[in-house]
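Data block below; observations after.
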There are 2 protein chains.
Amino acid sequence: MLHVAEAARVSVATVSALINGTATVSPELSQRIEQAIRDIGYKRNAIARSLKMGTTRTIGLTVPHITNPFFTDVVSVIQQAFDRAGYAVMLCCTDEDLNTQDDQIRLLLDRMVDGLIVARVGDGAILKGIVESANVPVVLLDRVCEGVDTDTVVLDNQRAVFDAITYLIDLGHRRIGYITGTFDISPMHDRMAGYREALQAAGLPVESELVRFGNFHEVDGYNATMQLLSLHDRPSAIFSANNPMVIGTMKAIRDIGLSCPQDISVACFDDFPWSDVFQPQLTTVSQPVQAIGEQAANLLLDRLAGNRDAPPRKLTLKGRLMIRNSCRPLGAVAQSVSA
Amino acid sequence: MLHVAEAARVSVATVSALINGTATVSPELSQRIEQAIRDIGYKRNAIARSLKMGTTRTIGLTVPHITNPFFTDVVSVIQQAFDRAGYAVMLCCTDEDLNTQDDQIRLLLDRMVDGLIVARVGDGAILKGIVESANVPVVLLDRVCEGVDTDTVVLDNQRAVFDAITYLIDLGHRRIGYITGTFDISPMHDRMAGYREALQAAGLPVESELVRFGNFHEVDGYNATMQLLSLHDRPSAIFSANNPMVIGTMKAIRDIGLSCPQDISVACFDDFPWSDVFQPQLTTVSQPVQAIGEQAANLLLDRLAGNRDAPPRKLTLKGRLMIRNSCRPLGAVAQSVSA
DNA sequence: AACGCTAATCTAAACGTTTCGATCGTGTCA
DNA sequence: TGACACGATCGAAACGTTTAGATTAGCGTT
């Protein structure tokens, strides 16, 4: 900018005024300056600007795994929304690891991000600290965090799983295996509550041998399913509480020589774009990813636009059960298949 | 830092020296400073540091669509690699749009990213300018760019498609539909060359009615497939040159009342994690995503480590044909199926 | 003619670091 | 004992912007 100013024989203040439109500058100087900018190929340095202005027009986004299609889609929507608003987004993947998450949030804050969207991991003690020291607005995505009172957008997980399990019960299933991630994040907790609630509403027992834990990855779903299928009295249906794990479930079913839905019914949380067209067509709980991403972006953009003092807004969206053909009715139909 | 210095009754220079270990500072001052840092909760401002140092420890990464599983995986690998190295990554999605890409690259450069990894779009004129003005190292991913001479990691696309098409020909297919994206990006061009080469090697004609263009999205694959299937003499196999489009292909096959592989064989570029387990199990060309991401990251990290003057390095990796059950042999087997 | 008002422009401080060169004790050696 | 080197510390400039406040010129009023 100094060079531009010299070339145009004006002060840097005038150049700045012209670029930002913060003051009127005469036509002749404007022209000289614009010419100089072109000649030199000047580009404003956003870092210097950020330092002075105290804002980077960059936000931080952390998710557990970008390869989980749910997060892929949400990240994509959020990225687009901020792109439109002229913000850059720094993406971090925490790999479901609390320390990694802490490091990454620190890294983002050091870089003076203007805001944070976090699909958190772990118990959120650090998050609490950040939200309370309250220099940047934070919106929590997909996962609430007790004790952290800030903008949030989540799904009504309990209701969604309740509906899915009730659907299985209505089909005649009585022993329904349930594969979950660890309970330190709210969705897993709430989804489990939906499972319990549905069983209880139907007067069925909640049997602990039917509930298996995994660490969110395909391989965990595989192992959990293997355990379920080798039970003495094996379940007739399996519900997987996240979608990378359901791939493992299907592989386990195949490897053990069974088939879905003939021998065992399967449903899971989170939809796949290809579910409609490959067999078995999975019955899933579909999250409104577009809305989730947009709402999260809007909440944050609103804070960034200056609306800092409004009380925390908590949005809860509804999931939708997508009934396809991976779950079969038990009873009458069972005979016809085994015949 | 000023506050820390005051609280510890030292100069800012000493605080800086301690934090960065750039000079020895006596035990007693060290202790006072560390105490002050803890008391105040001081965090070094990375923006100010970047301004002074001329480096942000941030890189820019642009891809066409993060929802394309290939890019999802590559982004994930790259993100991890830079995370390990203490770099942040700014992610941009260009949506296969040249102007968007230009804007985003400018945005990244304004923010003084230390380097750029680009899966480009369009003809790359801007890219050429950037690479030539040469203040930041650029590595090209997945897509080369003629006239731009810089580090690159790509697949041997022609060979990979040659192998896939040859496989179909060996199965007895003679009319093989081919769905491609536009030729302004190198992989589409090279993959088409592989298709041509395979047909010619087998003495088969390249018929233009069998080649359909789409804009990389599922819906484009759908439309292209519809056209292919309504040809007077329809193809017995379809190869899709990217993987979002193959979902559209499968939907079109379903909607038109045919089934794969009984009525029509399908193969595509890029693998899916679930291909093994859902029916039909797609035969695909699998790219070594892990290696691609790591190599790209390594090339850039090497430049960032100071190795600026080495001549551009061009890496070409090999794809792998994953034969599953979505393509069936023509001839003898055909009868037994239709019986 | 002196005055005030407005519009255009400039000067200089500030943002929070890093780093060069200067300063100041202290101990060592001739 | 004076000179000197050395280690520890500090002062201040610099990175490239923004912006408050000062300055200047032009012009209409009284």
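Just so we're on the same page: letters track the sequence lines, and every chain starts at 1. Keep in mind that the numbers below use all heavy atoms, side chains included, and drop hydrogens, waters and symmetry copies. Keep in mind that what you see is a predicted model, and the values were worked out from it rather than measured.
Judged by distance alone, the side chains of B/Glu96 and B/Asn215 never bring a donor and an acceptor atom under 3.5 Å apart. Side-chain contact check for B/Thr55 and B/Asp114: at least one donor-acceptor pair (N or O, by modelled atom type) lies under 3.5 Å.
Using a distance-only test at 3.5 Å, with no hydrogens or angles considered, a donor-acceptor pair links the side chain of A/Ser50 to the main chain of A/Ala46. Side chain of B/Arg308 to backbone of B/Arg303: a donor-acceptor contact under 3.5 angstrom is found. Using modelled atom types, no side-chain atom of B/Thr67 and backbone atom of A/Asp73 make a donor-acceptor pair closer than 3.5 Å.
A 4.5 Å side-chain heavy-atom check between B/Arg111 and B/Met90 finds at least one atom pair inside the cut-off. Residues B/Arg32 and B/Leu29 form a side-chain contact, since some pair of their non-hydrogen atoms from C-beta on lies under 4.5 Å apart. No side-chain heavy atom of B/Thr58 sits less than 4.5 Å from a side-chain heavy atom of B/Phe82.
The distance between atom CZ of B/Arg57 and atom C1' of C/dT18, rounded to the nearest whole Å, is 16 Å. Across the protein-nucleic acid pair, B/Ile47 atom CD1 and C/dA14 atom C1' stand 17 Å apart, rounded to whole Å. When the P atom of D/dC10 is taken as reference, atom CZ of B/Arg9 falls 11 Å away, rounded to whole Å.
Heavy atoms only, all atoms of each residue included: B/Thr56 and B/Val113 are closest at OG1-CA, 3.7 Å.
Atom CD of A/Gln31 has 12 or fewer neighbouring heavy atoms from other residues, nucleotides or ligands inside a 6.0 Å radius. More than 12 heavy atoms of other residues, nucleotides or ligands lie within 6.0 Å of CD in B/Glu28, so this atom counts as buried by the packing criterion.
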Strictly under 3.5 Å: I want the nitrogen or oxygen pairs between protein and nucleotides 21-23 of chain C, one per line.
none

**OP:** Dump the intermediate steps for salt bridge (charged side-chain N to carboxylate O under 4.0 Å, His left out) on A/Arg57 and B/Asp110, then the final yes or no.
**Re:** CA-CA 12 Å; A/Arg57 288 193 83 78; B/Asp110 287 352; over 6 Å; no

Original post:
B/Arg84 and B/Glu294: salt bridge (charged side-chain N to carboxylate O under 4.0 Å, His left out), yes or no, with the steps?
Top reply: CA-CA 12 Å; B/Arg84 274 196 302 274; B/Glu294 274 171 8; 5.1 Å; no

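Near DNA chain D, meaning a heavy atom under 4.0 Å away, there are no residues from residues 105-113 of chain B. A heavy atom lying under 4.0 Å from DNA chain C marks the following residues of residues 22-29 of chain A, by number: A/Thr24, A/Val25, A/Ser26, A/Leu29.
A rotation axis mapping the C1' atoms of four pairs onto the next four is fitted at both ends of the helix from C/dA1-D/dT30 to C/dA30-D/dT1 over five pairs, and the angle between these axes is 70° to 10 degrees.
Within the model, atoms CD1 of B/Ile66 and OG1 of B/Thr94 stand 11.5 Å from one another, a figure rounded to the nearest 0.5 Å.
Under the rule for a side-chain contact (heavy atoms from CB on, under 4.5 Å), the partners of B/Asp302 that lie at least two apart in sequence or sit in another chain are B/Asn307, B/Arg313.
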**OP:** List the protein contact pattern of nucleotides 12-17 of chain D with one symbol per nucleotide (5' to 3'): B for base contact, S for sugar-phosphate-only contact, - for none; contact means a heavy-atom distance under 4.0 Å.
**Re:** --BBBB

